[in-house]
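Residue numbers begin at 1 in each chain, while the letters A, B, ... track the order of the sequences. Keep in mind it's a predicted model, so treat the numbers as computed, not measured.
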4 protein chains.
Amino acid sequence: MKKTKPKYNQIIEAAVEVIAENGYHGSQVSKIAKKAGVADGTIYLYFKNKEDILISVFEEKMGQFIERIIESIHDKQSASSKLLTLIEMHFRQLSENYHLAIVTQLELRQSNAALRLQINKVLKPYLAVMDDIVKEGMSEHIFRDNLNVRLVRQMMFGTLDEIVTNWVMKEGRYDLVSQAPVVHDLLTNGLTAKS
Amino acid sequence: MKKTKPKYNQIIEAAVEVIAENGYHGSQVSKIAKKAGVADGTIYLYFKNKEDILISVFEEKMGQFIERIIESIHDKQSASSKLLTLIEMHFRQLSENYHLAIVTQLELRQSNAALRLQINKVLKPYLAVMDDIVKEGMSEHIFRDNLNVRLVRQMMFGTLDEIVTNWVMKEGRYDLVSQAPVVHDLLTNGLTAKS
Amino acid sequence: MKKTKPKYNQIIEAAVEVIAENGYHGSQVSKIAKKAGVADGTIYLYFKNKEDILISVFEEKMGQFIERIIESIHDKQSASSKLLTLIEMHFRQLSENYHLAIVTQLELRQSNAALRLQINKVLKPYLAVMDDIVKEGMSEHIFRDNLNVRLVRQMMFGTLDEIVTNWVMKEGRYDLVSQAPVVHDLLTNGLTAKS
Amino acid sequence: MKKTKPKYNQIIEAAVEVIAENGYHGSQVSKIAKKAGVADGTIYLYFKNKEDILISVFEEKMGQFIERIIESIHDKQSASSKLLTLIEMHFRQLSENYHLAIVTQLELRQSNAALRLQINKVLKPYLAVMDDIVKEGMSEHIFRDNLNVRLVRQMMFGTLDEIVTNWVMKEGRYDLVSQAPVVHDLLTNGLTAKS
DNA sequence: AATGAATGAGGATTCATTCAT
DNA sequence: CATGAATGAATCCTCATTCAT
């Protein structure tokens, strides 16, 4: 049976809340400790340093984020429906966790180069999922067979990321999930009018 | 006639270089002053505070950036060729100014929420140009007539931004400008195979 | 009958090693506990606090140190030969226990004033032995009869201490014990040429 | 004309007082700054870090200390009278500056290995003066001609150092300078009764 | 206009000690 | 007796900004 590490999770959850509320630079370790209900020093029994808290937050949360997306698209039949599901899940998960959305879209980007390298490493599996969908669509002949996978994936990720960031900066005042089909349509069919 | 304000420009140019070389957090006001060849205190005769330097850097540089794009697309006939030109110019200008690319794609994003609001304000005219192209394409019936302009523009900007950021993080080791036609094709035609 | 208290001695020995290897300020209680093979908390079943460990180290080690010197000089006939033996034993014991020498000559001196008062108390019997030799020499008329015992003892101890400290700082790269006769000669006959 | 660097000297003097009063570990940078009448940050315009303050205190004070001794013995005729003067000056200077005596005899020894290396470097010229006196005495045939200079110097320095340390620990309750002739006599003539 | 010496607020981290088990 | 997870106080240094010259 897996040990639950309650303190570790308390600190992770507290960090998300504190960063979302106070911003990256306003999030002192003592503030996170207080919110987590532990002593300052206890933080350092579970994390190497402050940066390690942030990396761990991202790893834990993105790990779940990606797992759920993989699960959801698993039983979808076509690359196209997989893409739609991915977009929906991407929007839904961040919609349903506004604090996390603030942290991933705004605050975590204020980190330094070293931390961003770690973040990119965590993102890799997600980008690989996108790559797989593109490749699958190509072999299914649903997508064009001469696509530059890297560029397509950058379009996909860049589009989703920018849309969520705008939504967060508008303080989540409109519905994000309902836009998934439109985004899916734009990505698959482009701007051009059908002749 | 506009005064040339040589010190002002010296400081702006110094700031771009210092930030590109030392990163956002390694760029102390004293370092910028030294590179600009002025005393620390002189900075505060031209800028309200450190944040004001950064905003001004972005305003000056993005101002030129956008102006040149507007100029370039001015004589293009169709929305589609305007979009291609915009993509080319976006890639070309950042390709040709690697220091600026580092600053806009990586370092300036480490700033706090307040600064990023300012940055978004500066970006507005650029986003408006994109919106206009989309609208023009719709009225020309080159693009579909039921496009959600905001979402399309977020797809466009997100795509370009993500592609340039990846290029910067790969240290500019491949050619960016030559990818413009492919990106244009992806945005206009999407992923789907032509029937 | 005295109980052997194995843990107590384990901790004392571990402390000497840890301090010699890591320096006074690099010797955390947890490090000593680990080397001794006990839990951190166990330390506090045998010692009042960290300072108490250090005092005890000094008491135990200096106790043996002094005992052996007293034993060695016991059967010597004259004050002069007692002095020679004391010098030899002082040098020999620290020579043969380099770790202890580092601790007594360098590391323990980094302690605070309170701890040093304790250390001086432990040294008292050793200084008394020196005083006795001086007094004996005076009553034997081997030494001058008007000596200021305190000053003489400070000269003796200061000389031996400085010589050993220099030797430790030179990392024990030369033989210490063989210098005992010269030091004995200097102390007894001084610098002056015989007429 | 030499610039007086008033702030630098203020900080040095403040450091001696603060360390003498509060001990090495009780001397926070902020306490030194306050006593010197400057802001905390000003300290760092003149010193690299806290350790650098301590090294500088020792350099400045020992520099003067040694200079005055060299000056005083300059016109003395024999090695023996030079030695007497050196002892007197050593005792006098520390007698007259009790704060400095506390710092050099007790507090500075609590420093780490790195700092002690620096201290030894500063002491070198003083030890060289002692060496010169011994050599001079040997060539004058006032001292024995087969003396081990290093050992003699260690005896001299160790003796003076131990005597001053004892005096400081007895809180300066007796006169130190008046003991110089006795110490001089002990060093030159040793313990042995004249036949 | 220009200088640059001086300011002083602010925070991550360590480690001796405790106490529930 | 023994454990070791948890505690929380305590401090050096940086750097944006000011202001007397």
Undergrad: Classify the side-chain pair A:Glu60/A:Asn9 by whether it contains a donor and acceptor separated by less than 3.5 Å.
TA: no
Undergrad: Rounded to whole angstrom units, what separation is found between the CD1 atom of B:Ile43 and the P atom of E:dA1?
TA: 14 Å
Undergrad: Using heavy-atom distances to pick each residue's nearest nucleotide on DNA chain F, tell me which of B:Ser30 and D:Gly26 is more 5'.
TA: D:Gly26
Undergrad: Contact class for C:Phe47 (heavy atom, under 4.0 Å): base, sugar-phosphate, or nothing?
TA: nothing
Undergrad: Are the charged groups of B:Lys35 and B:Glu13 less than 4.0 angstrom apart, N to O?
TA: no
Undergrad: Whole-Å distance between F:dT7 P and A:Tyr46 OH?
TA: 9 Å
Undergrad: Provide, to the nearest angstrom, the distance between the CD atom belonging to A:Glu51 and the P atom belonging to E:dA12.
TA: 13 Å
Undergrad: For E:dA1, what is the paired nucleotide under Watson-Crick or G-U wobble rules, both distances under 3.5 Å?
TA: none
Undergrad: Starting at atom OH of A:Tyr44, determine the distance to atom C1' of E:dA16, rounded to an integer number of angstrom.
TA: 18 Å
Undergrad: Below 4.0 angstrom from OP1 or OP2 of E:dA6, is there any side-chain N or O of D:Thr42?
TA: no
Undergrad: Taking the nucleotide of DNA chain E with the closest heavy atom to each, which residue, C:His25 or B:Gly37, is nearer the 5' end?
TA: B:Gly37
Undergrad: Could you pick out which residue, D:Leu45 or C:Gly41, lies toward the 5' side of DNA chain F when each is mapped onto its nearest nucleotide?
TA: C:Gly41
Undergrad: Does D:Glu59 pair with D:Lys121 as a salt bridge, N-O distance under 4.0 Å?
TA: no
Undergrad: Measuring to OP1 and OP2 of F:dC1, would you say a side-chain N or O of C:Lys7 lies under 4.0 angstrom away?
TA: no
Undergrad: Identify the nucleotide, in any strand shown, that forms a Watson-Crick or G-U wobble pair with F:dT14, with both distances under 3.5 Å; if there is none, say none.
TA: E:dA9
Undergrad: Which class fits the ring pair C:Phe47 and C:Tyr8: parallel under 30°, tilted 30 to 60°, perpendicular over 60°?
TA: parallel
Undergrad: Taking NZ from A:Lys48 and P from E:dT14, how many angstroms apart are they, rounded to a whole number?
TA: 12 Å
Undergrad: Taking the side chain of C:Lys50 as its heavy atoms from C-beta onward, which of E:dT3, E:dT13, E:dA16 lies nearest to it?
TA: E:dA16
Undergrad: Consider the side chain of C:Asn49, meaning its heavy atoms from C-beta on, and name the nucleotide among E:dT17, F:dT11, E:dT3 that approaches it most closely.
TA: E:dT17
Undergrad: Searching all strands shown, indicate the nucleotide that pairs with E:dA20 (Watson-Crick or G-U wobble; both distances under 3.5 Å).
TA: F:dT3
Undergrad: Could you state the NZ-C1' distance from D:Lys34 to E:dA9, rounded to the nearest angstrom?
TA: 15 Å
Undergrad: In whole angstrom, give the distance that lies between atom CG of C:Asn22 and atom P of E:dC15.
TA: 11 Å
Undergrad: Any ion pair linking C:Lys31 and C:Glu17 (charged N to carboxylate O, less than 4.0 Å)?
TA: no
Undergrad: Rounded to the Å, how far apart are D:Asp40 CG and F:dC15 C1'?
TA: 14 Å
